[in-house]
Number of protein chains: 4
Amino acid sequence: MNKRDAAETKARILSAAERLFSEVGFDKARVDDIAKEAGVNKALIYYYFESKDEILETLFSSLVEDAKRMLVESVEKTSDVLNEDNYKALFDVYIRFIMEKRKILKVAIAESVKESSSISVVMELGNLIINAEIESIRKACESKGLNYPEDKKEILVMEFFTGLMPFICFALFEDQWESYYHMSEKELCEYFYKAFKKTHLAAHLPK
Amino acid sequence: MNKRDAAETKARILSAAERLFSEVGFDKARVDDIAKEAGVNKALIYYYFESKDEILETLFSSLVEDAKRMLVESVEKTSDVLNEDNYKALFDVYIRFIMEKRKILKVAIAESVKESSSISVVMELGNLIINAEIESIRKACESKGLNYPEDKKEILVMEFFTGLMPFICFALFEDQWESYYHMSEKELCEYFYKAFKKTHLAAHLPK
Amino acid sequence: MNKRDAAETKARILSAAERLFSEVGFDKARVDDIAKEAGVNKALIYYYFESKDEILETLFSSLVEDAKRMLVESVEKTSDVLNEDNYKALFDVYIRFIMEKRKILKVAIAESVKESSSISVVMELGNLIINAEIESIRKACESKGLNYPEDKKEILVMEFFTGLMPFICFALFEDQWESYYHMSEKELCEYFYKAFKKTHLAAHLPK
Amino acid sequence: MNKRDAAETKARILSAAERLFSEVGFDKARVDDIAKEAGVNKALIYYYFESKDEILETLFSSLVEDAKRMLVESVEKTSDVLNEDNYKALFDVYIRFIMEKRKILKVAIAESVKESSSISVVMELGNLIINAEIESIRKACESKGLNYPEDKKEILVMEFFTGLMPFICFALFEDQWESYYHMSEKELCEYFYKAFKKTHLAAHLPK
DNA sequence: GATGAATGAGAATTCATTCAT
DNA sequence: AATGAATGAATTCTCATTCAT
């Protein structure tokens, strides 16, 4: 087999692992089942990865890398985030990213919440995103001649807990909401945008 | 030993379990370690509980019961939530509750996020809290002669994702924030209130 | 079950392990088989021992402890080792000890020979025995007015390689000798005593 | 690649295997590591050898062949072994051989000691060597008009346990002695010769 | 000859749970 | 109520060996 196949096999393993981890949790997911789902021999998993932990680390690394890429791209595209149309476009980019990554995000949250995990992925990822966000807003303010808010910590807290977290929680619970409140993804997403605009976005926009 | 001791033993087991579950996660927590932490014989745990799962269920039930009690009490005490001073008092009650329950909340989130968990505690708890909240606001609106918003679903979504979730995430990540951004709990909490007021609360208050 | 049974169970495990280790070697011996041989559940082995390694360490410790006990007793009993009758008695004690311990000695040799084993049991045991032996001889010399040999290192080397090692090798290969050269244990043992007397003992006895 | 390289590759594999077997024992040595140490692909090992066992058998065969060659040569060179100078020369030949082969000898001992090994290499090798030795002595006796000892078994036992075994044990434990008793190889070797002369050799020499 | 990928059959260790007292 | 001992079913990881190229 050539490198092409090897990479594909590795990807299949990662994808199966991601699915299982998000379904039953990292600890309950069995390597045996990952192998079955990926259609490979169990030992082959250990040929590509040191341990079950390393699979998770690889998935987390990809998540962070993809987030970085997404942020760079979205910063390039967006000019003035404080304009509502632009913000909606950005919102869509974020929602798409977060929904695409929902599986691994669930695992990331579940693992990050454990007190034993030193530097959690969620903190790393969060830091990345809120700083990019803050930067965008700062630029938008400057270009408009508005003076950008003062206290760095205040804005960090606001971005993280009332900006990022609702997003992430949307990805986390969207499917349960669908069945619990009988709403479609589209409907939910629209309501979520409304809510987000009224709360977080409103706090940013000049009154 | 008498019933007093029995109840206390059971409580010790629950408390040890809660601690361990939140530290390493439900699946990684070993019954052996719970016994050690609680200072009881492992078999005794099975005298009081059917299984490890039942311990978790008991903890989750307590959480829900305590939330109900807290909600009833806070509803009784608070008259007009749309007044900022009153809201601050309510905010404090919520923060206190959520911080007191942070350990089991971490476990609840981690478990609820798994796609295999049918009706997650978080949805149950969330439903409870946002409905109480909505009720409070409705009453406040009525007493002020303001007409209460229209769409039930819209308000549910807003309360859940931009009201409750930031709170819960605060409980989840407060400790990691402390060490990551070098802030004290008090400082963080103050910033969080500011952010919450500017976003979620602002959306409720009449302009 | 009471402590009596627990100790007996542990002993059964150790005995089964000793048998298997000596038969197929430590590495090839399976914990499954130890359990089967001992008539206990495999998990019970891990209730009493941390790991397969710990079983071996326990066996080695017992070997060393038993050797110490044997040496103390034999020193007490024997007065003048340089008298042939006394020496024969001592020889018998040694032979009996070494034959009784042949199983674990085989394992000890096999493990000690590995370059990865830091301080091998064989060196530890050897040091113990040759020092006891040297002490006996020194005392016998003194009581006879003979002056005891000079160079400590010289005597250490002689005791270890031409005294102890033939003994240990006797325990190691006695059974293979029986079938290879068609000799009974008794016959072999007699020849061995003759050989030992002519070589090692002769070197000690005054000409 | 040509035959020269093939032979060299095979030799590299054998040498790496010998090193690893002696370091961690045959069972713990992994084919993967042999490949790494030899700088070849793992599958290539199976091109040259049927199995891991066959590698060991090849090493053991070489040991026996080399022993035979060494014995033939030393018999040719040595005339009268009962003369001390000649004996010292022979001793040096043996010591050199045994030290050169120490790695594989360690493996041989470890494997031979297992009760499951039918005809152990050590017995085979031992038989070879002690018979050559006995033959030398017999010739020396005859040439001197001394009558050679009667009982074949007696002399076999003596040669094996008090002649060969100390030698082999010297190869086995020399390095551990160096570090345990802080002696150099040269020093140890000299003491060993003294001890050997006083015990085994003395038994052969006419009084 | 040589290699990266793949596999089957283990093997040690774990762990929730139960039993006997 | 309480405990030490015991168990069955996993579960992660290993490793000699083979395959396809």
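Two residues are said to be in side-chain contact when any heavy atoms from C-beta on lie closer than 4.5 Å; V24(A) and K114(B) fail this criterion. Side chains of R102(D) and D175(D) form a contact here, defined as non-hydrogen atoms less than 4.5 Å apart.
Phosphate proximity of dA6(E) to T9(A): present, with a side-chain N or O under 4.0 Å from OP1 or OP2. Using a 4.0 Å cut-off, some side-chain N or O of Y47(C) falls inside it from OP1 or OP2 of dA5(F).
For the residue pair Q176(A) and S120(B), a side-chain donor N or O sits within less than 3.5 Å of a side-chain acceptor on the partner.
Taking the P atoms as reference points, dT21(F) lies 23 Å from dG1(E), given to the whole Å.
Both cation-pi conditions hold for K52(C) and F26(C): the charged atom is under 6.0 angstrom from the six-membered ring centre and inside a 45 degree cone around its axis. By the 6.0 Å and 45° rule, K10(A) does not stack over the aromatic ring of Y47(A).
Taken together, the paired segments of DNA chain E that extend over three or more consecutive Watson-Crick or G-U pairs, each closer than 3.5 Å at both contacts, are E:2-21 with F:2-21.
The nearest heavy atom of DNA chain E to G39(D) and to Y48(A) marks one nucleotide each, and the one closer to the 5' end goes with G39(D).
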Per-nucleotide protein contact along nucleotides 8-15 of chain F, 5' to 3', at a 4.0 Å heavy-atom cut-off (B base, S sugar-phosphate only, - neither), is B-BSBBBB

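Taking atom NZ of K36(D) as the reference point, atom P of dT3(E) lies 15 Å away to the nearest angstrom.
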